[in-house]
Every structure is written in structure tokens, then in C-alpha cells.
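Please read the structure below before turning to the comments.
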Amino acid sequence: VKEESRPANAKPLRRLPLRRAFLKGIEIPTGEKLEYEIKYSRFPIYATVGIVTFENLGPAAPIPGLNIDFSPPSDPSFLHLRSSAVSKGILLAILGVDVRDRFENLVSLGDFSTRLSFDEIREGKKHRTQSGLFDQAEQQVKYLTTNLANPTAKPKIKNLPREEGMVSLLTAIYFVRLQKYKEGQTMVFPVSYDEENYTFEVRVGRTEKLKTECGKIRTVRLEPQLFGPGKFFNRKGEMTMWMSRDRLHVPLRLVAKTSSGTVTARLLNFRQNCQLAEMAEEELNEIK
């Protein structure tokens with residue numbers, strides 16, 4: 001939901017209490033790299049369109065190509081996350097669209113809020129970088145966008161209000177993984193991405209078995225409420241995610257359906273390590 005009130009006829013949310021402080025570290029191991037095959041389908045098209053990768057790089061480090069002056073703290077209480085999107089298949093063969101995007105976030109483990117976001121977008125002739133400085137002192141998110149395809153263009157500046165605990169889109173994916181799920185409840189948290197502020201709602205569904213390369217895996221079904229007027233996607237649609245039912249909550253599959261087609265993301269390298277991280281019995285009971 002964008003910075004707007006919920007509809008008057010909306011059901012009251014059963015909010016999931018959110019975990020925020022991770023100063024002793026997070027369960028997701030440093031060096032974890034998850035690769036997803038992205039497919040698009042709409043009759044008569046069913047094709048692979050790209051690969052998306054997520055990496056936990058560990059302690060903060062310099063970000064290549066950063067378009068603002070920012071020195072990451074040499075402090076283990078800051079986490080460095082990276083994602084990339086690369087086109088393949090029909091996008092290259094038929095449409096001729098070469099996508100090579102990179103997204104990096106520096107995150108404070110004190111409250112798991114984003115401190116810095118950086119996006120480099122390379123899509124066909126488009127090439128731009130965008131930094132977002134999540135300024136705690138001034139309670140602002142300061143965006144600076146540089147058009148590298150047009151060196152004469154002036155950098156674009158936009159400032160937005162910052163909320164406590166606000167995250168960027170990449171950080172949001174890891175933040176959701178770190179929560180203790182409770183069926184029927186909803187995670188609600190503020191997100192700022194690409195010069196816009198939102199409130200994300202992610203509903204926790206039932207436990208389901210999902211067929212994978214490692215056999216049938218017990219998962220928790222999540223339903224991000226990201227489609228509709230004023231939301232992250234301003235059109236009709238629905239999204240479902242299946243997370244491994246262990247303490248790592250690895251996203252195994254995502255399906256997003258809209259009137260223009262269906263996008264599916266499937267984890268490719270789960271086969272390399274089929275061992276799920278064990279959960280304590282009390283954690284298993286919290287999901288039920």
C-alpha cells in the first residue's frame with residue numbers, strides 16, 4: 001500500500017510481531033548465493049526470460065560505481081546484500097533486449113533497516129545509476145539518479161520522508177525471511193524503492209508441500225499484497241511465494257499472475273544442498 005490509508009471495508013490486520021534486532025548476526029550464512037530462473041507465460045508463449053541472483057556478502061564493503069560520496073562503516077553490525085538480473089532466452093532472441101541490472105544494499109543489523117541502496121540499470125540503450133541514502137538524522141531518503149547514457153544530463157535529486165525501520169526492496173526480501181511466521185497473520189513494514197514510499201503487507205498462509213529437485217519439501221505459503229491501486233504494482237494481480245519451512249526460510253518458488261501473463265521464479269541451485277536447516281520444536285509450533 002502506498003502512503004495511503006487502508007480501505008474502510010478492509011478486514012482488520014492480524015499483525016505479525018516483527019523481529020528487528022540482529023546485532024549477533026543473522027541465520028542466513030555469509031556467502032549464500034541463490035539463483036532463480038524467471039519464466040513468462042501467456043498463451044502461446046512459455047519461455048525463460050532471465051536469471052535473478054541474490055547474495056549475502058557479509059560485512060559492508062565499497063560498492064563499485066556508487067554515484068554519491070559514502071564510505072561504508074568498517075563495522076560488523078552492517079550487512080552487504082547484492083542482487084542481479086540478467087536477461088536470456090526470448091528477451092534476447094526475439095525482442096533484442098539485453099538486461100544486466102545490479103542492486104546493492106547496506107543494512108544496519110541494529111534494526112535491519114536499509115542505510116544505503118544502489119541500483120545500476122542496464123537495459124538496452126538505457127544505462128543509469130540510482131543511490132538512496134536512508135538518512136536517520138534527517139529522517140529522509142535521499143535519491144540521486146545519474147543518466148550514464150546521456151553524460152550531459154544533470155543528476156536528478158528527490159527526497160522522501162523516512163520511517164523507522166524502512167527498507168529498500170532488496171532488503172525487504174531478506175527481512176521477510178528472518179521473521180517467525182504465524183499462519184493467518186500479516187507482516188507490515190515500510191519500504192522505499194525507486195523514488196517512491198510504500199507500506200508492504202505480506203500474509204502468512206498455510207504449510208504446503210512443494211515438489212522440488214530434492215523431492216517434496218514442506219514450505220510456508222506467503223501472499224504479498226503488492227497489486228492494486230496505490231500499491232507497488234498499480235494493476236490487478238496476485239503473488240504467492242513458497243518459503244522452506246526451516247530456520248533459513250529459503251524462497252523456493254514465486255508465482256505472480258496478472259492480466260498480461262504469469263511470471264514464475266524457481267530456485268535453480270537448491271539441488272546442490274538439499275539439507276534444510278533444522279528448527280527447534282518451539283519454532284515449528286509457532287508456525288502452526
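Every heavy atom of this structure was used, including side-chain atoms; hydrogens, water molecules and symmetry mates were not.
Formation of a donor-acceptor pair under 3.5 Å by the Ser83 side chain with backbone atoms of Thr53 is found in this model. Formation of a donor-acceptor pair under 3.5 Å by the Gln185 side chain with backbone atoms of Lys182 is not found in this model. With hydrogens and angles disregarded, a donor-acceptor distance shorter than 3.5 Å links the side chain of Asn56 to the backbone of Ile28. Judged by distance alone, the side chain of Asn159 and the main-chain N or O of Gln140 form no donor-acceptor pair under 3.5 Å. Although no hydrogens or angles enter the test, the distance criterion places no donor-acceptor pair under 3.5 Å between the side chain of Thr186 and the main chain of Arg203. Distance alone, capped at 3.5 Å, is enough to place a donor-acceptor pair between the Thr219 side chain and the Glu208 backbone. Panel note: side chain Thr258, backbone Ser260; a donor-acceptor pair is recorded below 3.5 Å. Put simply, the side chain of Gln225 gets close to the backbone of Glu223: a donor and an acceptor are under 3.5 Å apart.
There is a path of hydrophobic side-chain contacts, each under 4.5 Å, that joins Ile173 to Leu79. By the criterion of side-chain heavy atoms lying less than 4.5 angstrom apart, applied directly or through intervening Ile, Leu, Val, Met, Phe, Trp or Tyr residues, Leu57 is not grouped with Leu116; the two fall into different hydrophobic clusters. In this structure, Leu248 is a member of the same hydrophobic cluster as Leu254, with clusters built from ILVMFWY side-chain heavy atoms closer than 4.5 Å. Residues Val176 and Leu210 are members of one and the same hydrophobic cluster, defined by side-chain heavy-atom contacts under 4.5 angstrom among Ile, Leu, Val, Met, Phe, Trp and Tyr. Cluster membership check: Leu226 shares its hydrophobic cluster with Met243, using side-chain heavy-atom separations under 4.5 Å among Ile, Leu, Val, Met, Phe, Trp and Tyr.
Between Tyr181 and Leu222 there is a side-chain heavy-atom pair separated by less than 4.5 Å. Between Ser113 and Met166, every side-chain heavy-atom pair lies at or beyond the 4.5 Å cut-off. Put simply, the side chain of Leu106 reaches to within 4.5 Å of the side chain of Ile63, judged on heavy atoms. Contact check for Ile157 versus Tyr143: no side-chain heavy atoms found under the 4.5 Å cut-off. By the 4.5 Å heavy-atom criterion applied to side chains, Val188 and Phe200 are not counted as neighbours. Glu32 has its side chain within reach of Leu34: a pair of non-hydrogen atoms, C-beta onward, lies under 4.5 Å apart. Side-chain contact between Leu148 and Thr129: present, with at least one pair of heavy atoms (C-beta onward) separated by less than 4.5 Å. Looking at heavy atoms from C-beta onward, Val191 lies out of side-chain contact with Asn197 at the 4.5 angstrom threshold.
Ion pairing of Lys125 with Glu123 is absent here, as no side-chain N (NZ or NE/NH1/NH2) approaches a carboxylate O to less than 4.0 Å. Salt-bridge check for Glu195 with Lys142: failed, with every basic side-chain N at 4.0 Å or more from each acidic carboxylate O. Between Lys156 and Asp194, no side-chain nitrogen of the basic residue sits less than 4.0 Å from a carboxylate oxygen of the acidic one, so the salt-bridge criterion is not met. A salt bridge does not link Glu37 to Lys88: none of the charged nitrogens lies less than 4.0 Å from a carboxylate oxygen.
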| Stepwise, does the side-chain contact (heavy atoms from CB on, under 4.5 Å) test hold for Ile121 with Lys126? | CA-CA 7 Å; Ile121 306 300; Lys126 181 191 298 184; 4.0 Å; yes

| request: Evaluate the side-chain contact (heavy atoms from CB on, under 4.5 Å) criterion for residues Ile38 and Thr264: first the C-alpha distance (whole Å), next the side-chain angles of each, then the deciding distance (0.1 Å), finally the verdict. | output: CA-CA 6 Å; Ile38 310 300; Thr264 303; over 6 Å; no

| query | Should Arg266 and Glu35 be marked as a salt bridge (charged side-chain N to carboxylate O under 4.0 Å, His left out) after you check the CA-CA gap, both sets of side-chain angles, and the distance that decides it? | reply | CA-CA 8 Å; Arg266 179 179 64 89; Glu35 295 180 327; over 6 Å; no

| task | For side-chain contact (heavy atoms from CB on, under 4.5 Å), just list the numbers for Val49 and Val99, CA-CA rounded to whole Å, side-chain angles, deciding distance to a tenth of an Å, and then say yes or no. | result | CA-CA 10 Å; Val49 295; Val99 175; over 6 Å; no

| field | Derivation of the side-chain contact (heavy atoms from CB on, under 4.5 Å) call for Arg128 and Thr146 | value | CA-CA 6 Å; Arg128 69 175 176 86; Thr146 304; over 6 Å; no

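In this structure, Arg14 has no salt bridge (charged side-chain N to carboxylate O under 4.0 Å, His left out) partners at least two apart in sequence or on a different chain. Applying the salt bridge (charged side-chain N to carboxylate O under 4.0 Å, His left out) criterion to Arg115, with sequence neighbours excluded, gives no partner residue. Judged as a ring-ring contact (aromatic ring centres under 6.0 Å, His included), and not counting sequence neighbours, the contacts of Phe22 are Phe112. With sequence neighbours excluded, the residues forming a salt bridge (charged side-chain N to carboxylate O under 4.0 Å, His left out) with Arg100 are Asp98, listed by chain and number. With sequence neighbours left out, Tyr46 forms a ring-ring contact (aromatic ring centres under 6.0 Å, His included) with no residue at all.
Taking each heavy atom of Glu238 and Phe227 in turn, the nearest pair found is N-CD1, 3.6 Å. Closest non-hydrogen pair, Tyr36 versus Pro251, comes out as OH-O, 2.6 Å. Shown here for Gly205 and Val220, the closest heavy-atom pair between the two residues is O-CG1, 4.2 Å. Here the shortest heavy-atom pairing between Gly65 and Phe118 reads O-CZ, 3.2 Å. Contact record, Val141 with Arg162: CG2-CB, 3.9 Å, taken as the closest heavy-atom pair. Here the shortest heavy-atom pairing between Ser131 and Leu66 reads CB-CD1, 4.3 Å.
Note that the OG1 atom of Thr212 and the CZ atom of Arg253 stand 8.0 Å from one another [nearest 0.5 Å]. We find the CE-CZ distance between Met239 and Phe232 to be 8.5 Å, quoted to the nearest 0.5 Å. Interatomic distance, OG of Ser192 versus CG of Leu169, reported as 10.5 Å (0.5 Å rounding). Between the NE2 atom in His127 and the CG atom in Asn147 there is a gap of 9.5 Å [rounded to 0.5 Å]. Of the inter-residue distances, the one linking Lys180 atom NZ with Arg247 atom CZ reads 12.0 Å to the nearest 0.5 angstrom. Distance check, rounded to the nearest 0.5 Å: CZ of Arg19 to CD of Gln179 gives 7.0 Å.
Between Phe175 and Phe189, the ring center distance clears the sub-6.0 Å criterion. The six-membered or imidazole ring of Tyr193 lies away from that of Tyr198, with a centre-to-centre distance of 6.0 Å or more.
Remark: Asn150 CG is packed, more than 12 non-hydrogen atoms of other residues, nucleotides or ligands lying under 6.0 Å away.
Within the structure, side chain to side chain donor-acceptor pair (under 3.5 Å) pairs that include any residue of residues 101-110 comprise His80-Glu104, Arg82-Glu104, Arg102-Glu104, Arg102-Glu120, Asn105-Thr171 (at least two apart or interchain).
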